[in-house]
Amino acid sequence: MDSILENLTVPQLEAVTHRDGPMIVIAGAGSGKTRVVTRRIAWLISQGVWPSQILAMTFTNKAAREMRERVEALVGQAPRSIGTFHGCCARFLRRDIDKLDCGRNHDFTIYDDEEQKTLLKQCIKAAGKIPRGLTPSLLSTAISNSKNGRKSLAAALQDDDYLDLLPVIEKIAEDYEKRLQECNAVDFDDLLLLTVRLLEEVPGMADIYHNRFRYLLVDEYQDTNHLQYQLIMRLANEEQNVHVTGDPDQSIYSWRGADYHNIMSFTQDFPNAKLVKLEQNYRSTPTILNAANSVIENNSRRIPKELFTENADGRLITELLAHTDRHEAEWIVRKTRRLRQNGHSWRDCAVFYRTNAQSRVLEEAFVKAGIPYQLLGGLRFYERKEIKDFLALLRIKVNPSDAVAFERVFANFPICEGLGGKALAELQNAAALAHQPVVTYAASEAYRAGLKGRSQKTERLRRLSNWLRQLLETPATPVATAVQEIERFTDFMRQLELQHGQDNLLERRENVQSFLERAQNFTNDNPEADLAAFLEDVALVADVDSHDPQADGVVLMTLHSSKGLEFPYVFIAGVEEGVLPHARATARPGALDEDLDQLEEERRLFYVGITRARRAVYLSHVALRFQYGGYKPSSPSRFLEEIPPGLVRRFLYRNGDEIPMR
DNA sequence: AAGACGGAGGTTTTT
DNA sequence: CCTCCGTCTT
């Protein structure tokens, strides 16, 4: 109990010990937000609230894990319902989706973006002649906006260019929903949407959840979209113990539907809400904070907030102009080496950039200098082709209606060589006629009996059918055994070679090996769990956070990924017009309001980057940036002018020397 | 059914 | 400039 309330400032204490009724904590960067949330959960438990009555939702698995671990450390136990929005919703749906009329059952599969696009491509194809420009990604954005905003497709398609295509788009979207249902699958947005519908449409359901969860905590509230907002509103009971935490100045995901107005209007949604502002920063030097404050003040429509610190004064911010991006990278390399010589670790340095494309020059420079680095972002483990192929096997086993996974198997496994689109279509039609899931049908005795003759194609289909039968007959538990067994009988490792040749063979083998280990770890942690649970873990929970704080290396990542982290030394590369702010956020005459919103989001991104730094910030920009195959002139970002000149030392980098500029 | 060619586009991506 | 699609060819 003592430790729960130890070392807290007055506003922090106020937030931690707020018992009943709604509360919003506006927590500035580095103000100890996580500490407050975890202490509050611990405090509630210490006050006699049952852990099972607490539901805490975050955006990332990392945040959820951290929260759980810290609560456990404080009170020896933690609520089971600490998780991501999507993870919590998936759990609710596994339990209750059968009660909702939505065409799925509790064995549903979760489709990621790639699978969603695959399905959409099929819908586009089925729709026949489609005007050019109606791409899967445009459609997925429209469908996602429509679900996230709970509005019609017409309303979701802000882009007038495509409004005349509305009937076609609606038709495709309808087809997409139909196919999802046929596959017994949901997309990421559906996890939230169907949960909200569950609460709205199934009589008595809302009451059950209201009784179950008496305390609701939401992290990063500024990043919630309308659907998440509705979820929170439907989950809140008459006690209104809704506690949200966030920082509107760190809202950087509006392009994904996040609406920071949710946090701005919380006190209107809950007029008796308690408002706590955490403005004392424990992370950065006053120099860094002053710079950050000055920048963010240029945004309109803010909740006024001024971060302050009692930390000692620090170094001035370094601004550097280099000739090209190669020189910029070279300078960053030199700076990190110097810091290392002065007794810091490589991992004390982080380099942020606006776009992933910028990472390449930086990587090359670090490789050339022989300095270790960790690159974050890029392809995630479970998005690798060989892993997705293997996962497809597991998925058709768990959910034989999963047509997308089946098509993946069909297209990628050597056993299906010589069988193409036509054979697949025939199989699918026959399965539909037999009213059976395609995989069940293809693996059935009846199907094999119907295969007459000895033609090459028939032999291939027979072989495939037996192979599928074997897959379905493999015992599904324990998970690790099932996964190993499937790897063995499909000879997956060895087939890798035949499939894609020698390219990166070693890496691909390691990935599969690592996947088998993950399955083993999962089984050790959850001995009772079945394959379906493992697949859900893979789809939602098992993010490999590639940022390993143990490993020593300079950390490279986008500004977006840097949110929530901190480093002693922060470099931001490419602080230029067109890069930061990004060209897409500035250009375009007309539509002024939207442009302003986008520009302000870019500014928040810059703000997030600066406030990651504990001791020093280095901002660099170049005269010529290599882009689209040529050097293009680049000018300093307008954001640089927003930092008071007294806080900055400016240098020109030439021939390996820093030349002071006035 | 698999390889070759041409054109368009080229941010950020918690789940 | 390079990569990703979609289409066309064998």
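In what follows, every heavy atom counts, from backbone to side chain, and hydrogens, waters and symmetry copies are set aside. Residue numbers begin at 1 in each chain, while the letters A, B, ... track the order of the sequences.
- Listed in residue order, the members of residues 627-637 of chain A having a heavy atom less than 4.0 Å from DNA chain C are A:Tyr628, A:Gly629.
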Show the numbers, then the answer: is there a salt bridge (Lys or Arg N to Asp or Glu O under 4.0 Å) between A:Lys563 and A:Asp223?
CA-CA 12 Å; A:Lys563 199 177 71 170; A:Asp223 286 336; 2.3 Å; yes

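- When the P atom of B:dA1 is taken as reference, atom CD of A:Glu426 falls 9 Å away, rounded to whole Å.
- Residue A:Asp112 is classed as having no contact, given no heavy-atom separation below 4.0 Å to the nucleic acid.
- Across A:Asn262, A:Asn299, A:Ile26, A:Ile296, a single residue satisfies side-chain contact (heavy atoms from CB on, under 4.5 Å) together with A:Pro248, and that is A:Ile26.
- Remark: C1' of B:dT12 and CG of A:Leu599 are 15 Å apart, rounded to the nearest angstrom.
- Rounded to whole angstrom, the span from the CD atom of A:Glu576 across to the P atom of B:dT11 amounts to 16 Å.
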For residues 573-581 of chain A, which side-chain N or O atoms pair as donor and acceptor with protein atoms under 3.5 Å away, sequence neighbours left out?
| residue | atom | partner | partner atom | Å |
| --- | --- | --- | --- | --- |
| A:Glu576 | OE1 | A:Arg625 | NE | 2.8 |
| A:Glu576 | OE1 | A:Ser634 | OG | 2.6 |
| A:Glu576 | OE2 | A:Val622 | N | 2.9 |
| A:Glu576 | OE2 | A:Arg625 | NH2 | 2.8 |
| A:Glu577 | OE1 | A:Arg638 | NE | 3.3 |
| A:Glu577 | OE1 | A:Arg638 | NH2 | 2.7 |
| A:Glu577 | OE2 | A:Arg638 | N | 2.8 |
| A:Glu577 | OE2 | A:Arg638 | NE | 3.0 |

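- At a threshold of 4.5 Å between non-hydrogen side-chain atoms, the residues A:Lys388 and A:Tyr382 do not count as touching.
- Under 4.0 angstrom from either OP1 or OP2 of B:dT13 there lies at least one side-chain N or O belonging to A:Thr558.
- Rounded to whole Å, atom C1' of B:dT15 lies 14 Å from atom CG of A:Leu93.
- Side-chain N/O atoms of A:Asn356 include none lying less than 4.0 angstrom from OP1 or OP2 on B:dT11.
- Contacts of A:Ser561 with the nucleic acid, taken as non-hydrogen atoms under 4.0 Å apart, involve only primed sugar atoms and P, OP1 or OP2.
- Nucleotide B:dT14 holds its P atom 14 Å from the CG atom of A:Leu605, rounded to whole Å.
- Across all strands, A:Lys563 comes closer than 4.0 Å to no nucleic acid atom at all (heavy-atom distances).
- Taken residue by residue, residues 250-257 of chain A places heavy atoms nearer than 4.0 Å to DNA chain B at A:Tyr253, A:Trp255, A:Arg256.
- Between B:dT15 and A:Asn61, a contact under 4.0 Å exists linking OP1 or OP2 to a side-chain N or O.
- A:Arg91 is listed as a side-chain neighbour of A:Ser81, based on a closest heavy-atom distance under 4.5 Å.
- Stacking of the aromatic ring of A:His560 onto the base of B:dT12 is not found under the criterion of centres within 5.5 Å and planes under 30°.
- For C:dC5 and B:dT12, the P atoms lie 15 Å apart once the distance is rounded to whole Å.
- Between A:Val367 and A:Glu364 the shortest side-chain heavy-atom distance does not fall below 4.5 Å.
- Between A:Arg395 and A:Leu535 the shortest side-chain heavy-atom distance falls below 4.5 Å.
- A pairwise comparison of heavy atoms in A:Lys632 and A:Gln627 identifies NZ-O, 2.9 Å as the closest pair.
- Rounded to a whole Å, the CZ atom of A:Phe410 is 11 Å from the P atom of B:dA2.
- The gap from the C1' atom of B:dT13 to that of C:dC2 amounts to 22 Å, rounded to the nearest Å.
- Of the listed nucleotides (B:dT14, B:dA1, B:dT11), B:dT11 has the atom at the smallest distance from the side chain of A:His582.
- Contact of the A:Gln116 side chain with the A:Tyr176 side chain is registered, since non-hydrogen atoms from C-beta on lie closer than 4.5 Å.
- A cation-pi contact, defined as under 6.0 Å to the ring centre and within 45° of the axis, is absent between A:Arg384 and A:Phe515.
- Across the interface with DNA chain B, nearest-nucleotide mapping of A:Leu559 and A:Lys422 shows A:Lys422 to be the residue nearer the 5′ end.
- For the C1' atom pair drawn from B:dT11 and C:dG6, the interatomic distance equals 24 Å after rounding to whole Å.
- Distance A:Lys62 NZ to B:dT13 P: 14 Å, rounded to the nearest Å.
- Here the P atom of nucleotide C:dC4 and the CG atom of A:Asp113 are 17 Å apart, to the nearest Å.
- Listed nucleotides: B:dT15, B:dT11, B:dT13. Nearest to the side chain of A:Phe188: B:dT15.
- Between A:Trp255 and A:His560, the ring centre distance stays below 6.0 Å.
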